[in-house]
Amino acid sequence: MKKTILFFILVAGITATLWAQSLRKTEKINAEQVPVSIRTAFENDFGKIPEGGHWLANFIVERDGERSVAKPLSYTYRNKSEKIEVRYTADGKLDLVKGLEKSRDANTNS
């Protein structure tokens, strides 16, 4: 009987801990789902967005009372055929660049 009660307490504790933790996710998104600030930053830094690639959103899902809220962490443009990867933070700052060089006319003050 004591073992059964301890087992249920243990399971309840583990469940509560897992339920309260945040979950990091990365999902493929359409270009229309990428915030305008991110697309504009890409175009300012590198020019036109190359064809054939895709966007990924990296976000964290947190519990806010009864509902789950997704908070973006970064947005990444990838084009495997051209070996391009560009990542921006959620606030539009360039975080990582592979396979592209900044445009000569890019604003260097940001």
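Considering every non-hydrogen atom in both Ala90 and Pro72, the closest pair reads CB-O, 3.5 Å. Heavy atoms only, all atoms of each residue included: Asn79 and Gly52 are closest at ND2-C, 3.8 Å.
We find that Glu43 and Lys48 are not joined by a salt bridge, their nearest charged nitrogen and carboxylate oxygen being 4.0 Å or further apart.
Taking 4.5 Å as the limit, every side-chain heavy atom of Phe59 sits out of range of all side-chain heavy atoms of Arg24. In this structure, the side chains of Ile60 and Leu73 come closer than 4.5 Å at one or more pairs of heavy atoms. Side-chain atoms of Phe46 and Lys102, non-hydrogen and from C-beta on, do get closer than 4.5 Å to each other. Side-chain contact between Lys98 and Ile84: absent, with no pair of heavy atoms (C-beta onward) separated by less than 4.5 Å.
Cluster annotation: Leu94 and Ile49 are assigned to the same hydrophobic cluster (Ile/Leu/Val/Met/Phe/Trp/Tyr, side-chain heavy-atom contacts under 4.5 Å, transitive). No path of Ile, Leu, Val, Met, Phe, Trp and Tyr side chains, each step under 4.5 Å between heavy atoms, connects Ile29 with Leu96, placing them in separate hydrophobic clusters. Note: the hydrophobic cluster containing Ile38 also contains Val97 (ILVMFWY, side chain heavy atoms under 4.5 Å, direct or indirect links).
Once rounded to the nearest 0.5 Å, the distance linking CZ of Arg78 with OG1 of Thr76 reads 6.0 Å. Put simply, OG on Ser68 and CZ on Arg63 are 4.5 Å apart, with the number rounded to the nearest 0.5 Å. Taking CD from Gln33 and NZ from Lys28, the interatomic distance works out to 12.0 Å, rounded to the nearest 0.5 Å. Note that CG of Asn44 and OG of Ser37 are 11.0 Å apart. Values are rounded to the nearest 0.5 Å. Atom NE2 in His54 sits 4.0 Å away from atom CG in Leu56 (nearest 0.5 Å).
Judged by distance alone, the side chain of Arg39 and the main-chain N or O of Val34 form a donor-acceptor pair under 3.5 Å. At distances below 3.5 Å, not a single donor-acceptor pair connects side-chain atoms of Asn58 with backbone N or O atoms of Tyr75. Checking side-chain atoms of Tyr77 against main-chain N and O of Pro50 turns up a donor-acceptor pair under 3.5 Å.
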Side chain to side chain contact (heavy atoms under 4.5 Å, CB included) assessment of Val69 paired with Val61: CA-CA 5 Å; Val69 177; Val61 178; over 6 Å; no
